[in-house]
Amino acid sequence: MAAALSPYRLAKARGLYNRYTTLNAISWQFLAGNIITLLALRMGANSTYVGMISAVLYVAFFFLPLGRLLARRFSIVKIFSIAWILRSISMLPVFFAPFVFASGDQYSALFLILLGVSLFHVIRGVGFISNNPILSYLSAGPDRGSYQTYIQIIASAVGMFSGFAIAMLLGRNPPLYLYAVIIAAGIIAGILSGIVMLKVPSPEMEDNAKQEKLSRTIREALSQPAMRNFFFILILVALASGVSRTFVVVYSREVFSQSDGMVSLYAVFGGMGGLIAGMVIKFLVDKIGAKPIFSLYVIIGLVSLLPVIFLPMSMFEQYPSILLFLIFLFFMMNFGWLGSEGVMQTYFMGMIPEEKMMDMGILYFLGFGIAGAGGLLLGGAFLDTVTTISGSMPLAFKILFAILVVVTIKILFLMHNLIPLGALPFKGALEVMFSIRELKAISLLDKLDKTSDSGEEAALLVELQGTPSLLATKKLLTRARSPRLSVRMESIRTIDAMQSLNADTEQALMDDIVNNPYTTAYMSARTLGNHGVFKAIPLLRELADSSDYMLAGEAIVALAKLHDDDFRTRVQEIVVETKNPRLKIMGAEALGVYGSPFSLAVLLEIKRQANPPPYLLDGIVLAMSNILDIQNKFYPLLIRVLADKSVAATLALDEAEAAYENYMSVIGRKRKHSSSPEAATLSRQAKSFQAAVSSFVKNNKGEALSRWIQELPDDLVHAIVQTILAETVISDEFMEYPSLQLLIVHWAAHELRLWTKKLKE
């Protein structure tokens, strides 16, 4: 494998390659795009000839083995650049073709086009051996798929604007010499692209890679079912893409009698489709994988074929309808099929080891060559034959595109067996692509990749917490190892906000609580508890006695959330024994999460200790409310009491009155319940409740409320709860805590409501 470039050299090399891609896209558009098809049609060529000169593009791939032989002696960058210069010069016969045709020699002019195009693509085939290794070398790193797609975006964008320039130049009835001017500009741009390519660093091929026989590599590849399946898909995609995108030019010009300038303008919209397809791939491919995007683009390609088959020609009697239809057709075909070709190459490079990239690249493009050349040659002959027999060119196109639909459906069936390569399943990928939250998360991840400012990095992580996404996991784990503490902390907070964790994330969090005490370990322990990672229980037990009190506190809360009931007695001991305020508060919270009635006595015991730390008493009351299963409704009352302790008695009396009125509205006035012993007991309890509460909160006398609690039915209240609370209301040491008094009254009112509801049922 070639040695990786340093970040600076990689950025510099990518800049050169981007410049090469820009010049090459201009050259390609001017020398091998639709301009050649339009020129041939202008000279009277038929569909068979158009298919033949288009097929030469794919025949070029059969000369890749010659390039491989040259790669044994020369640098692959040197082979690439010289081939690109020579292929541009080889288009000189095409430059002279318009002048020959103007002199009246049609056959010689068409021959010059075929000669120039053939030389162009044969030389291109020799040099193209270097394409995949160079692109793979320059796209090394976590942004491999993104950079490869970025190159496609540059090519599509430049090609689109070049196509627009051609459309403006050609207009409705351009003079033939204008084609020669465009060809000359393409030759110059091609030569410049080859010169720029010479400056790009070349990956060194390993000796064993040079010596290994190509035939052996191909046999080994095709012996694997997954690889055979991929190459069959590749051949069918190349066939459907090449035939549809080539003959749509003939379709628009011959069926709808569009001028060269208008066809070039439609091609601009086709280029726009390819550009947008590339932008979508770049945005998504590194996040959801190549396979689902590949499937989606093939489906779009299938949809683009259907209008040619099913839309009646009578719909296109008006020029605006023709215009809109052809714009849609060019855009969708290029969006679907160029997108398919682009993501297919990204998928292929993800399958192949770098040391086999050259030889497997030959096999890849040979597949393209076989399908493209065969499809275009047969497609052109098919159109001419059917048109001659039926007398209808529109019918010939309908039949041809119907065949392509069958081919595309076959592709979709075969794609089920493609190796995912770490991609999301198709359904999951669609959910991401059509989810605003997931797309926002992907956008934030892209910004996170590009930022070099640690402050901005932390801010983006905070924003990412509001859009939790599993797609962010890998990036977050990387950020969790940042040298900046704030970035590590925000990364773990963002992980905690995710709906679920994968095995790698769980292990990373467990490693963090061992390796990073006093910093982020406590946050990782909290996350493990929040996400129910039960395999972390043994480790959390060990860390419950850690000298890092924040870690110890989060560990015992996590154990409570993980329902480790066997450890509850140890938590009770820690809460009582520790002198650390935070650990006491966290221990009280853990006991509340456990929800065991047996912990009430421990919590009250903590209240008896001298000089309790701030917020501990409030934490204890909240924990007790959780054990009593009333926390959600009690919490707002506690907030009001903490803001103004004088309202505690009023709130308690309100609770008693509301509970009694609930009893009266449900049962109190209904005679059918009055004869039962249970109804009589409930009635007595309900009527005495307000007086008992009043005596408790106004006079600090809890005897009546204690008796009231003890007389609650055994099947309604846990015996431990009943005993502890009945004793608490008559204990003088707890009378000074209004929040505790309100808690007990609220619980009693809650029990009265439950008793009333139970009797009604």
Side-chain angles (χ1 to χ4, degrees), residues 27-64 66 83-128 166 170 174 176-187 190-191 238-239 242-243 245-251 253-254 260 263-264 267 365 368-385 387-388:
S27 173
W28 181 264
Q29 195 69 27
F30 284 8
L31 296 180
N34 293 324
I35 187 72
I36 299 299
T37 302
L38 292 173
L39 177 59
L41 290 171
R42 177 70 180 273
M43 293 181 178
N46 58 16
S47 295
T48 301
Y49 182 87
V50 170
M52 185 166 56
I53 60 172
S54 299
V56 174
L57 181 152
Y58 295 96
V59 170
F61 297 135
F62 293 102
F63 290 86
L64 287 169
L66 178 58
W84 250 235
I85 293 171
L86 292 177
R87 76 165 194 171
S88 302
I89 296 173
S90 70
M91 284 295 282
L92 285 173
V94 183
F95 170 79
F96 291 108
F99 302 105
V100 173
F101 181 80
S103 68
D105 191 347
Q106 178 191 21
Y107 293 107
S108 296
L110 290 175
F111 172 77
L112 287 175
I113 292 176
L114 180 60
L115 174 64
V117 169
S118 299
L119 289 173
F120 178 89
H121 287 297
V122 167
I123 299 172
R124 170 176 171 265
V126 174
F128 206 69
I166 291 173
L170 294 182
L176 277 173
Y177 76 84
L178 201 51
Y179 287 94
V181 172
I182 294 172
I183 297 297
I187 291 172
I191 292 171
L239 189 151
V243 172
R245 292 189 301 106
T246 297
F247 286 110
V248 72
V249 175
V250 181
Y251 179 71
R253 195 178 188 281
E254 300 300 319
D260 292 355
V263 174
S264 297
F365 288 112
F368 251 96
I370 293 169
L376 289 169
L377 288 171
L378 293 174
F382 177 86
L383 284 173
D384 283 337
T385 301
T387 301
T388 301

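Quick caveat: nothing in here was measured; it's all calculated off a predicted structure. Along the sequence shown, residues are numbered consecutively beginning with 1.
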Worksheet item: Under the side-chain contact (heavy atoms from CB on, under 4.5 Å) test, which residues partner Leu378, sequence neighbours left out?
Response: none
Worksheet item: Residues in side-chain contact (heavy atoms from CB on, under 4.5 Å) with Ala83, at least two apart?
Response: Ile123
How long is the span from the [atom1] atom in [X] to the [atom2] atom in [Y], to the nearest 0.5 Å?
{"X": "Leu31", "Y": "Ile36", "atom1": "CG", "atom2": "CD1", "value": "7.0 Å"}
{"X": "Thr48", "Y": "Phe382", "atom1": "OG1", "atom2": "CZ", "value": "12.0 Å"}
{"X": "Ile191", "Y": "Leu86", "atom1": "CD1", "atom2": "CG", "value": "9.5 Å"}
{"X": "Thr37", "Y": "Tyr49", "atom1": "OG1", "atom2": "OH", "value": "10.0 Å"}

Extract all donor-acceptor atom pairs below 3.5 Å that involve side chains of residues 105-118 and protein atoms in other chains or at least two apart in sequence.
residue, atom, partner, partner atom, Å
Asp105, OD1, Ser108, N, 3.2
Asp105, OD1, Ser108, OG, 3.1
Asp105, OD2, Ser108, OG, 2.5
Gln106, NE2, Met43, O, 2.6
Ser118, OG, Leu114, O, 2.6

Worksheet item: Which ring-ring contact (aromatic ring centres under 6.0 Å, His included) pairs, counting each pair once, include a residue from residues 85-105, with sequence neighbours left out?
Response: Phe95-Phe99
Worksheet item: Heavy-atom distance under 4.5 Å between the side chains of Val50 and Leu376, does that happen here?
Response: no
Worksheet item: Which pairs count as side chain to side chain donor-acceptor pair (under 3.5 Å) when at least one residue sits in residues 86-101, sequence neighbours excluded?
Response: Asn24-Arg87
Minimum heavy-atom separation for [X] and [Y], please, with both atom names.
{"X": "Gly186", "Y": "Phe30", "answer": "CA-CB, 3.5 Å"}
{"X": "Gly375", "Y": "Leu239", "answer": "CA-CG, 4.3 Å"}
{"X": "Gly51", "Y": "Phe247", "answer": "CA-CZ, 3.9 Å"}
{"X": "Ile183", "Y": "Met91", "answer": "CG2-O, 4.0 Å"}

Discussion item. If the condition is ring-ring contact (aromatic ring centres under 6.0 Å, His included), which residues does Tyr251 pass it with, not counting sequence neighbours?
Written reply: Phe256, Phe397
Worksheet item: Taking only residues two or more places apart in sequence or in another chain, which ones pass side-chain hydrogen bond (donor to acceptor under 3.5 Å, both in side chains) with Arg253?
Response: Asp260
Worksheet item: Which of parallel (below 30°), tilted (30 to 60°) and perpendicular (above 60°) describes Trp28 and His121?
Response: perpendicular
Discussion item. My understanding is that only residues two or more places apart in sequence, or in another chain, count here; which of them pass salt bridge (charged side-chain N to carboxylate O under 4.0 Å, His left out) with Arg245?
Written reply: Glu341
